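Just so we're on the same page: letters track the sequence lines, and every chain starts at 1. Not measured: the values here are computed from a predicted model.
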Protein chains: 2
Amino acid sequence: MLVVDDHAMFRAGVRAELATAGAGVVEVVAEAGDVDEAVRAVAEHRPDVVLLDVHLPGGGGVEVMRRVAARPTGGAEPPRFLALSVSDAAEDVIGTIRGGARGYVTKTITGAELVDAVRRVADGDAVFSPRLAGFVLDAFAGTIEVSAVDEDLDRLTEREREVMRLIARGYAYKEVARELFISIKTVETHMSSVLRKLQLSSRHELARWASERRLL
Amino acid sequence: MLVVDDHAMFRAGVRAELATAGAGVVEVVAEAGDVDEAVRAVAEHRPDVVLLDVHLPGGGGVEVMRRVAARPTGGAEPPRFLALSVSDAAEDVIGTIRGGARGYVTKTITGAELVDAVRRVADGDAVFSPRLAGFVLDAFAGTIEVSAVDEDLDRLTEREREVMRLIARGYAYKEVARELFISIKTVETHMSSVLRKLQLSSRHELARWASERRLL
DNA sequence: GACAGGACCGGGGTCTCCCCCGATGGCGCG
DNA sequence: CGCGCCATCGGGGGAGACCCCGGTCCTGTC
């Protein structure tokens, strides 16, 4: 494992904890204190797991993952990243996951828990601290208001729904007309009904409305 | 914990495993064999964790989560769902997570691992089997082609990017002009450059382009 | 100093969007 | 049968979107 954190004291703490709680399970092969060092250390030592601080000089942990992913691995498996941070802010967590981390734990974690988390990430598991699992899964599950959608959407006729779908995808009236073998004027009539029924006022609002509800 | 699975034999197996490996940690308070039973059992026993089979008669595990979420809890905390399935298909996993599950493990799991997974989900952790963590996190991280985006996006000047962002969000030229303290004509000039540089032909295509690349 | 490029602004034109008004034919319902 | 709803089509018009052309400043480069 590679330990990346800008505080040497913290890295020493991780080493000490893992030496006792994780003896024989987790081996620290190297340390790094900023983004450049981290990228070099990954290339040199090819660790299975990188314990990665989120707030790191030189672009943060996300930058490390981005640069490691951009470099050729020479056929070797890329390391798995376990993010470690004092922050439990949603944007940090989600940004880190988007960046490619396979886990995110806060620094309130105990040594034994850290050993377990590292082991799990090494096995391919996803690991999240309790408070963070909520962010990740909620963001992933999305804000799908099933009940509200149906009530509005059911007011539309079949033909109106077809027109709505195409308009929301950015089709011009002319293109919708050609696609559905009807006149432009009919498309305008349907669109007028759609906007009125959905209480929207333009095709742009309609596009956002449909996009938020994943109707495209 | 509530065990939901349509095979009585499997439920018995879970009970037996948890009695030995999870003695004193995990207590099975009830069982259910289909969606209706599961929803009733949740209302009656209010378990902390529901071990939920994905392929279940009556709509699947997703239907259970949907109906439990729709019913008032009477102030009590809703249970956390741990999905359990023979399937490791991406659509099953992602659909289940979208449905609100806090974890997903396959039935190849051992008794000790199951105890650990249940304990973690009860604590609020997200738990995923190794092969599944890939699906979930990749789907969440999205298909972000950093390299392709930058080449196109870097051709835009700073001002063009600002205009592009607002237009992609559905702002009218007039609104963009007001927002950026410039004239409508200037907005048109910038938009013309944006469309030319990105090889797009309308604000609608631009909106889709930006939306696909999560630039909003 | 010439030259390029970016930010800024304008005229004028065509097309699209969105609304108002109208009409016809079909289909089910009381 | 009258009535309402739906799908179809049209005229007209105002506002906006998009594109063509023109221009003035400023800044950085050679």
**Prompt:** So does A/Arg40 pair up with A/Asp36, basic N to acidic O under 4.0 Å?
**Reply:** no

**Prompt:** If you measure from the Lys or Arg side-chain nitrogens to the Asp or Glu carboxylate oxygens, is any gap between A/Asp116 and A/Arg119 under 4.0 Å?
**Reply:** yes

**Message:** Nearest whole Å is fine: how far is D/dG10 C1' from A/His190 NE2?
**Reply:** 14 Å

**Item:** A/Tyr171 OH - C/dC15 C1' separation (whole Å)
**Value:** 20 Å

**Request:** Let me know the distance between CE of B/Met191 and C1' of D/dC19, rounded to the nearest Å.
**Result:** 11 Å

**Between C1' of D/dA15 and CD of B/Glu175, the distance in whole Å** = 13 Å

**Item:** Closest approach of A/Arg67 to A/Val35 (non-hydrogen atoms, all atoms of both residues)
**Value:** NH1-CG1, 3.4 Å

**Item:** Euclidean distance, atom CD of residue B/Glu205 to atom P of D/dC18 [Å, nearest integer]
**Value:** 10 Å

**Request:** Mind calculating the distance between CD (A/Glu158) and P (D/dT8) to the nearest angstrom?
**Result:** 11 Å

**Asked** Given atom OH of A/Tyr173 and atom C1' of D/dG16, what is their separation to the nearest angstrom?
**Response** 12 Å

**Prompt:** OP1, OP2 of D/dC5 versus side-chain N and O of A/Thr157: anything below 4.0 Å?
**Reply:** no

**Fill in**
Here the residues of residues 179-189 of chain B within 4.0 Å heavy-atom distance, strictly under, of DNA chain D are B/Lys185, B/Glu188

**Asked** Counting side-chain heavy atoms from CB outward, which of D/dA17, C/dA7, C/dC18 is closest to A/Ser202?
**Response** C/dC18

**Message:** Tell me whether B/Lys185 is salt-bridged to B/Glu188, with the criterion being a basic N under 4.0 Å from an acidic carboxylate O.
**Reply:** yes

**Asked** Where the side chain of B/Arg203 is concerned, which of D/dC6, D/dC18, C/dC17 is the nearest nucleotide?
**Response** D/dC18

**Message:** Is the phosphate of C/dC17 approached by A/His204 (side-chain N or O, under 4.0 Å from OP1 or OP2)?
**Reply:** no

**Request:** Please check if atom CZ in A/Arg208 has more than 12 non-hydrogen atoms from other residues, nucleotides or ligands closer than 6.0 Å.
**Result:** no

**Fill in**
In short, A/Leu180 meets A/Glu162 closest at the heavy-atom pair CD2-OE1, 3.6 Å

**Heavy-atom pair with the smallest gap, counting every atom of B/Ala168 and B/Ala210** = CB-CB, 3.8 Å

**Asked** How many Å lie between NZ on B/Lys174 and P on C/dC17, as a whole number?
**Response** 18 Å

**Asked** OP1 or OP2 of D/dT8 less than 4.0 angstrom from a side-chain nitrogen or oxygen of A/Arg159, does that happen here?
**Response** yes

